[in-house]
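Written out below as structure tokens is the structure these notes cover.
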Amino acid sequence: MATKKTTGQNTIDVALIGGGIMSATLGALLKLLEPSWTIKVFERLDAVAQESSNPWNNAGTGHAALCELNYTPEKADGTVEISKAVAINEQFEVSREFWHHLLTGGHLPEPASFISHTPHMTFVRGAANVDYLKRRFTALSAHPLFSEMEFTDDPAVIAQWAPLLVLDRDSDEAVAATRATSGTDVDFGALTSQLFAYLTANGVELNLQHEVNRLKKRKDGTWDVTVKDVSWNAKAAPRTVNARFVFVGAGGGALPLLQKAGIKEAKGYGGFPISGEFLRTDDPELVAQHQAKVYGKADVGSPPMSVPHLDTRVVDGKTYLMFGPYAGFSPKYLKKGSLLDLFTSLRTHNIGSMLGAGLKNIDLTQYLVGQLLASPESKFTALQGFMPTAHPKDWEKITAGQRVQVIKKDPKKGGVLEFGTEVIAAADGSIAGLLGASPGASTAVPAMIDLLERCFPQQFAAWRPELATMIPSLGQAQWEATELDSLSAAAGPSEEAVGAR
């Protein structure tokens, strides 16, 4: 990051591009660590949290690897690998501790406004899947982070946990489930809005309907950010803001902006957009019978984003059920983006990556084609596999947000498709952006702390003690049961869902 010696009268410390959970999280961290820094936010839509952070554009799962089978792959020898699940769980714990810190400091309203206790379950069918789930349970439950997990292959017990999963199901079908009652449902839209409310109340300037269309680095290391007012009656010409540090937290719009910035670290990166749909119901009788997020097993050869799940969702205080996702294809990088997004992102340096990833992911192409050609009846059959009594009259279709999967160069394969999130930062730390999707919002806090450490190495050493007071588990190499107990005791009972377990 450029030093303060380069300061001009119109220079700000930080420019945040995008009004989603990532920008909101980074802004909150910086405001607590450096209250005197000037921060401006630029969002092209007329409100924050309108793309991936919007509650109906994501599943709202507080991803802690309690129920998601793609985080616990089966090895060739039949053992189940849990290292990724442990890492994801630890990352979500970091996010929860930071939210708890903001709540206890009075910076966020009550936890029930954005997070609720919702058990996380995994439900599988068929003898082979039952066997795998039991082995997964044995491997995970031996770790302190997953010691509360329960397993059953008894339909009567599953009926107590989530009745709709077994009601009218064939009694000869082999089924099994795991349950973790510490799971959560998170309204990331509400959380994002609350974080921005805290920021604006503490001097941060939020510019809605302002689109960044140019990023140019000065010789002094700062960035000129060209911004256009895109409101319907705007008269002002584009203006330029000079910033010492720029964060591109624009979801699917991050890659094109990093490309415009011209940083070498973004070369070779591409993005593959995937759209999605969910089925949703607010029928009180159905909602009352299912209080859990229940993840299943993807079909053989299907990509991670195809994992079916039947979820309790709490949005604006009202409870719904959602099932999906059903994938589709659109060349847009944002739900409210352009049909040219994919094509305009192509560069000479990333065409090889894109083609290489495409050739290595034929199964993804086949999956998407299958989803696009699937009839409404066959899609509804997938829900009935989870809930045999489901009837079309009770459900409506909603369109989810766009997901842009990261494609990066690979010396052997040409390009690889990544299914996580990745921070791209310039070598001098003056600009950074976040690419990718799930687990995304759930790991926003550790992702932004990683960004701070990479982009502000000189300041980070001084920040570390304060960060440790905000997030007690930060930097711990291993969790012990005694540590978990002490952290749980430190969290007030009314904030149980958001604080440490």
Side-chain angles (χ1 to χ4, degrees), residues 16-28 41-63 68 88 91-92 95 114-115 185-196 208 211-212 247-258 271-278 280 303-305 307 309 311 313 315 322 324-338 341-342 345 398-406 418-424 432-448 451:
L16 303 175
I17 303 174
I21 187 65
M22 295 297 172
S23 290
T25 299
L26 181 58
V41 185
F42 303 101
E43 164 57 50
R44 72 185 186 94
L45 300 179
D46 60 1
V48 300
Q50 294 302 295
E51 287 283 349
S52 294
S53 299
N54 182 279
W56 296 123
N57 288 344
N58 61 72
T61 302
H63 286 289
E68 307 95 327
I88 294 293
Q91 289 172 352
F92 185 55
S95 291
F114 70 89
I115 190 169
D185 175 73
V186 185
D187 183 342
F188 286 107
L191 176 59
T192 300
S193 297
Q194 291 169 16
L195 288 170
F196 276 117
L208 299 175
E211 184 173 18
V212 173
F247 172 65
V248 186
L255 178 62
L257 283 172
L258 290 170
F272 185 77
I274 297 174
S275 58
E277 295 177 343
F278 281 96
R280 179 178 68 184
M305 81 281 293
V307 174
H309 44 99
D311 295 345
R313 289 303 324 269
V315 178
M322 278 174 55
Y326 302 100
F329 176 76
S330 166
K332 293 182 179 181
Y333 275 180
L334 292 164
K335 191 173 180 178
K336 298 180 180 180
S338 167
D341 285 343
L342 173 60
S345 73
I398 63 172
T399 302
Q402 287 290 102
R403 297 289 181 268
V404 179
Q405 307 298 149
V406 178
E418 301 283 342
F419 290 101
T421 52
E422 185 165 347
V423 172
I424 297 178
L434 186 110
L435 304 179
S438 183
S442 297
T443 58
V445 177
M448 292 302 97
L451 182 148

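Shown here for Ala254 and Val248, the closest heavy-atom pair between the two residues is CA-CG1, 3.6 Å. Scanning all heavy atoms of the two residues, the minimum distance from Leu451 to Ala432 falls at CD1-CB, 3.7 Å. Val212 and Phe42 get closest at one heavy-atom pair: CG2-CB, 4.0 Å. Nearest heavy-atom pair across Glu43 and Gly18 is OE1-C, 3.6 Å. Nearest heavy atoms, Phe196 versus Ala24: CE1-CB, 3.6 Å. Ala59 and Arg313 make their closest contact through O-CD, 3.0 Å (heavy atoms, listed as atom of the first residue, atom of the second, distance).
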Leu255 and Val404: CA distance, side-chain angles, deciding distance, side-chain contact (heavy atoms from CB on, under 4.5 Å) verdict: CA-CA 9 Å; Leu255 178 62; Val404 179; 5.7 Å; no

side-chain contact (heavy atoms from CB on, under 4.5 Å) between His63 and Thr61, worked out: CA-CA 5 Å; His63 286 289; Thr61 302; 4.0 Å; yes

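Legend: residues meeting side-chain hydrogen bond (donor to acceptor under 3.5 Å, both in side chains) with Lys335, ordered by chain and number and at least two apart, are Asn57. Legend: residues meeting side-chain hydrogen bond (donor to acceptor under 3.5 Å, both in side chains) with Asn58, ordered by chain and number and at least two apart, are absent. Residues forming a side-chain hydrogen bond (donor to acceptor under 3.5 Å, both in side chains) with Glu211 (at least two apart in sequence, or on another chain): none. Judged as a side-chain hydrogen bond (donor to acceptor under 3.5 Å, both in side chains), and not counting sequence neighbours, the contacts of Gln194 are Ser113. Residues satisfying the salt bridge (charged side-chain N to carboxylate O under 4.0 Å, His left out) criterion with Asp311, sequence neighbours excluded, are Lys293.
Put simply, the side chain of Ser23 never gets that close to the backbone of Gly19: no donor and acceptor are under 3.5 Å apart. Put simply, the side chain of Gln402 never gets that close to the backbone of Gly252: no donor and acceptor are under 3.5 Å apart.
Each side chain to side chain donor-acceptor pair (under 3.5 Å) pair with one or both residues in residues 44-56, not counting sequence neighbours, appears once here: Ser52-Arg403.
Distance check, rounded to the nearest 0.5 Å: OG1 of Thr25 to CG of Leu16 gives 10.5 Å. Rounded to the nearest 0.5 angstrom, Leu434 CG and Phe247 CZ are separated by 5.5 Å.
Taking the side chain as every heavy atom from C-beta outward, Leu258 and Leu435 approach each other to under 4.5 Å.
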